[in-house]
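Quick caveat: nothing in here was measured; it's all calculated off a predicted structure. Residue numbers count from 1 along this sequence.
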Amino acid sequence: MDSAAEKALPMDDDGGDATPARLRGMPSRLLSHAALHAERLVNEGLAEADARKWHYAVLVALHDSGPASQSVLSRRTRIYRSDLVAVLNELADGGHVERTPDPADRRRNVITITESGRRRLDRLDALLTGIQDQVLAPLTSPEREQLVRLLTRLVDHHTQGAPSAADRPAGPAQG
């Protein structure tokens, strides 16, 4: 059976890349291919650890920014509110987060990372560091830093003024 890489790169009869040069040099196409590859590696790696990228995003947000309501957590992670409930249920079932009533508004819960969640985050950090190294393997350290700076500029440019996750209609969240 062909690997995903072999399927993604059609070959000429002589074994060369059959993709036309104009397509190989199109930045949006290259970004899409790199993103698909990175997404696959991240999803597979997290699945082996019985986790998902949304679990990681929530744990990072709680660890780095502190306890939050579900609404605030939705904005921090850009996970739709309706999807966030399922993610929080999974994390709570694993003992990684806890929900407590907000003393200022009993109708609202405050989500807090637990010690188990901190340990889980440490393991996922190590796993994802390895995956980042796989994704960026052909790049030197300065090239990796430059790539991150350039991608950050692109993302910032295209998300300025974009509605937050809390303001978007329910549906599959992007992560």
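Every residue meeting the side chain to side chain contact (heavy atoms under 4.5 Å, CB included) condition with Val85, not counting sequence neighbours, appears here in chain and number order: Gln70, Asn89. A search for side chain to side chain contact (heavy atoms under 4.5 Å, CB included) contacts involving Asn43 returns Glu39, Lys53, not counting sequence neighbours. Listed by chain and number, the residues in a side chain to side chain donor-acceptor pair (under 3.5 Å) with Ser116 are His96 (sequence neighbours excluded).
The distance from the CG atom of Asn109 to the CD atom of Glu98 is 11.0 Å, given to the nearest 0.5 Å. Taken to the nearest 0.5 Å, the NE2 atom of His33 stands 7.5 Å off from the CG atom of Leu36. Once rounded to the nearest 0.5 Å, the distance linking CD of Glu145 with CZ of Arg149 reads 6.5 Å. Between Leu23 atom CG and Arg29 atom CZ the span is 4.5 Å, to the nearest 0.5 Å.
Follow the hydrophobic side-chain contacts under 4.5 Å out from Val42 and you reach Leu151 in the same cluster. A continuous path of ILVMFWY side-chain contacts below 4.5 Å connects Leu41 to Tyr56, so both sit in one hydrophobic cluster. Cluster annotation: Leu59 and Val110 are assigned to distinct hydrophobic clusters (Ile/Leu/Val/Met/Phe/Trp/Tyr, side-chain heavy-atom contacts under 4.5 Å, transitive). Each of Leu147 and Leu30 belongs to its own hydrophobic cluster when Ile, Leu, Val, Met, Phe, Trp and Tyr are linked at side-chain heavy-atom distances under 4.5 angstrom. Residues Val60 and Val148 fall into different hydrophobic clusters, defined by Ile, Leu, Val, Met, Phe, Trp and Tyr side chains chained together at heavy-atom separations under 4.5 Å.
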For Leu31 and Leu154, run side-chain contact (heavy atoms from CB on, under 4.5 Å): C-alpha distance rounded to whole Å, both residues' side-chain angles, the deciding distance at 0.1 Å, then the answer. CA-CA 11 Å; Leu31 283 168; Leu154 282 172; 4.3 Å; yes
Let's go through Leu84 and Trp54 carefully: what are the C-alpha distance in whole Å and the side-chain angles of both, what is the deciding distance for side-chain contact (heavy atoms from CB on, under 4.5 Å) to 0.1 Å, and is it a yes or a no? CA-CA 8 Å; Leu84 182 60; Trp54 293 351; over 6 Å; no
Run the numbers on Glu90 and Val58 for side-chain contact (heavy atoms from CB on, under 4.5 Å), then give the verdict. CA-CA 11 Å; Glu90 292 167 358; Val58 167; over 6 Å; no
Show, in sequence, the C-alpha distance, side-chain angles and deciding distance for Ile111 and Thr100, and conclude whether the side-chain contact (heavy atoms from CB on, under 4.5 Å) test is met. CA-CA 7 Å; Ile111 314 303; Thr100 56; over 6 Å; no
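No donor-acceptor pair under 3.5 Å is formed between the side chain of Gln146 and the backbone N or O of Glu143.
Heavy atoms only, all atoms of each residue included: Ala61 and Leu73 are closest at CB-CD1, 3.8 Å. Counting all heavy atoms, side chain and backbone alike, Leu62 lies closest to Thr112 at CD1-C, 4.2 Å. The minimum heavy-atom distance between His55 and Val87, with the atom names listed, is CD2-CG1, 3.8 Å. What you find for Arg76 and Gly66 is that their closest heavy atoms are NH1-O, 2.8 Å. Considering all non-hydrogen atoms of both residues, Leu127 and Ala49 come closest at CD2-CB, 4.1 Å. Closest approach of Ile79 and Ala57 over heavy atoms only: CD1-CB, 4.4 Å.
Between Ile113 and Leu91 there is no side-chain heavy-atom pair separated by less than 4.5 Å. Side-chain contact between Arg75 and Val72: present, with at least one pair of heavy atoms (C-beta onward) separated by less than 4.5 Å.
For residues 41-51, the salt bridge (Lys or Arg N to Asp or Glu O under 4.0 Å) pairs, not counting sequence neighbours, are Arg40-Glu44. The stretch residues 100-111 participates, sequence neighbours left out, in these salt bridge (Lys or Arg N to Asp or Glu O under 4.0 Å) pairs: Asp102-Arg108, Asp105-Arg107.
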Quiz: residues 129-139 side-chain donor-acceptor pairs under 3.5 angstrom, not counting sequence neighbours:
from	atom 1	to	atom 2	distance (Å)
Thr129	OG1	Asp125	O	2.9
Asp133	OD1	Arg144	NH1	2.9

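For the residue pair Thr114 / Arg118, no side-chain donor-acceptor distance below 3.5 Å is found, with atom types taken as modelled.
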